[in-house]
2 protein chains.
Amino acid sequence: MGRWEPNARGRLAQAALALYVEQGFDETTVAQIAGKAGLSERTFFRHFQDKREVLFYGTEHAQELLKKAVAGAPPSATPMSAVGTALEAVGAMLEEDPERVRLRDAVVSSKAELRERELIKLAAFAAAVAEALRERGVREPAASLAAEQGVAIFKVAFTLWVRGRGQSLVEILRQSMRDAKAVIADRSR
Amino acid sequence: MGRWEPNARGRLAQAALALYVEQGFDETTVAQIAGKAGLSERTFFRHFQDKREVLFYGTEHAQELLKKAVAGAPPSATPMSAVGTALEAVGAMLEEDPERVRLRDAVVSSKAELRERELIKLAAFAAAVAEALRERGVREPAASLAAEQGVAIFKVAFTLWVRGRGQSLVEILRQSMRDAKAVIADRSR
DNA sequence: ACACTGATGGCAGCAACTGACATCAGATCG
DNA sequence: CGATCTGATGTCAGTTGCTGCCATCAGTGT
């Protein structure tokens with residue numbers, strides 16, 4: 001498969017993040033991003049459906065990780081514990097490059113349209129997890145509930161991690177899961 | 001407070017829903033909506049930030065309902081039970097005009113951009129509930145967790161209701177909360 | 001050399017959205 | 001009752017995200 005300059009998508013994503021951080025999302029034009037990546041505006045839209053989507057390059061990978069982790073959990077595992085280990089796997093992945101994650105999060109958090117896109121990615125995660133659970137024999141609505149609960153816990157833990165200092169995301173995740181259990185079991189005031 | 005024709009916002013929302021249902025979201029132009037409501041395109045954007053936002057007219061009301069229900073729960077109520085009754089209140093409200101809710105849901109579900117907007121509204125609900133819980137003295141992260149869990153349960157229950165037949169939303173909500181408890185307590189396979 | 005395929009660029013065009021300015025209905029005041 | 005003031009609306013121009021269409025160019029296989 002012949003190419004011109006390799007990894008056009010990656011170059012676009014990198015250029016976009018840099019420009020969004022530098023001058024803001026609204027103030028950045030797609031033409032600028034494309035130019036910085038050495039491509040035309042038209043080509044940008046061949047690689048990303050949106051001006052926003054470019055910030056979520058790599059998301060599919062995390063989703064695959066989730067599905068495989070759920071599928072690979074021991075048969076004895078309960079739905080919630082399978083989801084828990086899957087979330088920890090994603091958490092560990094994010095901790096490999098925390099600076100980049102925080103930078104991206106700062107951009108995303110600054111604009112409502114970007115938060116929207118993030119939420120739909122999380123919803124897709126939940127759907128993928130629910131499907132993986134169903135393939136393990138978990139029935140509805142337990143599958144969807146476990147998946148949604150897991151993602152909800154992840155959201156809270158991730159926020160704590162980003163806004164906090166140094167503490168390990170995986171640790172925060174484990175603690176949040178314990179807290180969630182207590183809350184939903186009405187063992188909390 | 002003088003007006004020309006009263007309730008411009010409501011007229012725009014109604015016209016928009018009708019056109020979105022009739023000819024689809026993408027095929028409908030803002031100028032058409034404005035025209036149908038007897039207003040100009042520019043004025044549409046004075047009432048709604050977006051072409052999408054018009055579908056979520058009335059959301060603030062539901063959010064107020066949520067906050068008041070949480071605030072009004074008896075002091076002895078646990079966070080999760082306070083959230084539960086608040087969700088039931090919203091569920092009951094939706095059941096007052098099920099046809100309209102289903103119609104709106106059909107439009108929203110048909111387009112990713114609209115689902116995005118819906119998700120951010122739900123996130124706003126969660127944030128409002130968490131705040132109301134904090135004002136009851138619930139600490140973090142229990143407040144956020146209870147709120148997020150509640151919204152996650154609501155999402156699942158609402159989907160079951162819309163896709164199902166006749167069954168009461170409030171009933172489905174109650175059952176889903178029981179299911180969620182079992183799932184997260186690992187009492188489910 | 002030749003055609004073939006897939007990635008790219010260029011261009012035209014629509015529609016969403018914004019800013020600036022004029023205008024008009026109705027309330028308030030003298 | 002008329003002048004004025006305020007807020008909602010209309011008009012117009014302009015930017016930009018995004019799409020369709022067609023030409024072109026890099027690299028592959030024949």
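Because only heavy atoms are used, hydrogens play no part in the values below, and waters and symmetry mates are left out as well, while side chains stay in. Quick note on labels: first sequence line is chain A, next is B, and so on, each numbered from 1.
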Query raised in the report: If you look at every strand shown and take non-hydrogen atoms under 4.0 Å, does A:Ala31 touch a base, only sugar-phosphate, or nothing?
Result: nothing

When you measure from the side chain of [X], which nucleotide among [options] comes out closest?
X       : options               : value
B:Lys51 : D:dT9, D:dG17, C:dA16 : C:dA16
A:Leu39 : D:dG17, D:dT9, C:dT8  : C:dT8
A:Thr29 : D:dC18, C:dG9, D:dT16 : D:dT16
B:Ala8  : C:dC17, D:dG17, D:dT9 : D:dT9

Query - N/O (side chain, A:Thr43) to phosphate O (OP1/OP2, C:dT8) under 4.0 Å - result: no

Query raised in the report: With respect to the phosphate group of D:dT9, does any side-chain polar atom (N or O) of B:His47 fall under 4.0 Å of OP1 or OP2?
Result: yes

Could you give the [atom1]-to-[atom2] distance, from [X] to [N], as a whole number of Å?
X        : N      : atom1 : atom2 : result
B:Arg117 : C:dA16 : CZ    : C1'   : 13 Å
A:Glu27  : D:dT16 : CD    : P     : 11 Å
A:Phe44  : C:dG9  : CZ    : P     : 13 Å
A:Leu12  : C:dG9  : CG    : C1'   : 14 Å
B:Glu41  : D:dT11 : CD    : C1'   : 12 Å

Query - Heavy-atom donor-acceptor pair, A:Arg46 side-chain to C:dG6 base, under 3.5 Å - result: no

Query raised in the report: Is there a donor and acceptor pair closer than 3.5 Å between the side chain of A:Arg42 and the base of D:dG20?
Result: yes

Distance-only check: which donor-acceptor pairs under 3.5 Å involve side-chain atoms of residues 83-96 of chain B, not counting sequence neighbours?
unit_1, atom_1, unit_2, atom_2, d
B:Thr85, OG1, B:Ser81, O, 3.3
B:Thr85, OG1, B:Ala82, O, 2.9
B:Glu88, OE1, B:Arg174, NE, 3.3
B:Glu88, OE1, B:Arg174, NH2, 3.0
B:Glu88, OE2, B:Arg174, NE, 3.2
B:Glu95, OE2, B:Leu169, N, 2.6

Requested in this report: List the steps, then state whether side chain to side chain contact (heavy atoms under 4.5 Å, CB included) holds for A:Lys181 with B:Asp186.
Outcome: CA-CA 9 Å; A:Lys181 254 188 213 192; B:Asp186 276 342; 3.6 Å; yes

Query raised in the report: Considering the options B:Glu60, B:Glu116, B:Glu53, which one meets the side-chain hydrogen bond (donor to acceptor under 3.5 Å, both in side chains) requirement together with B:Lys121?
Result: B:Glu53

Report task. State whether B:Arg100 and B:Asp105 are salt-bridged, where the test is any N-O pair (Lys NZ or Arg NE/NH1/NH2 against Asp/Glu carboxylate O) under 4.0 Å. Result -> no

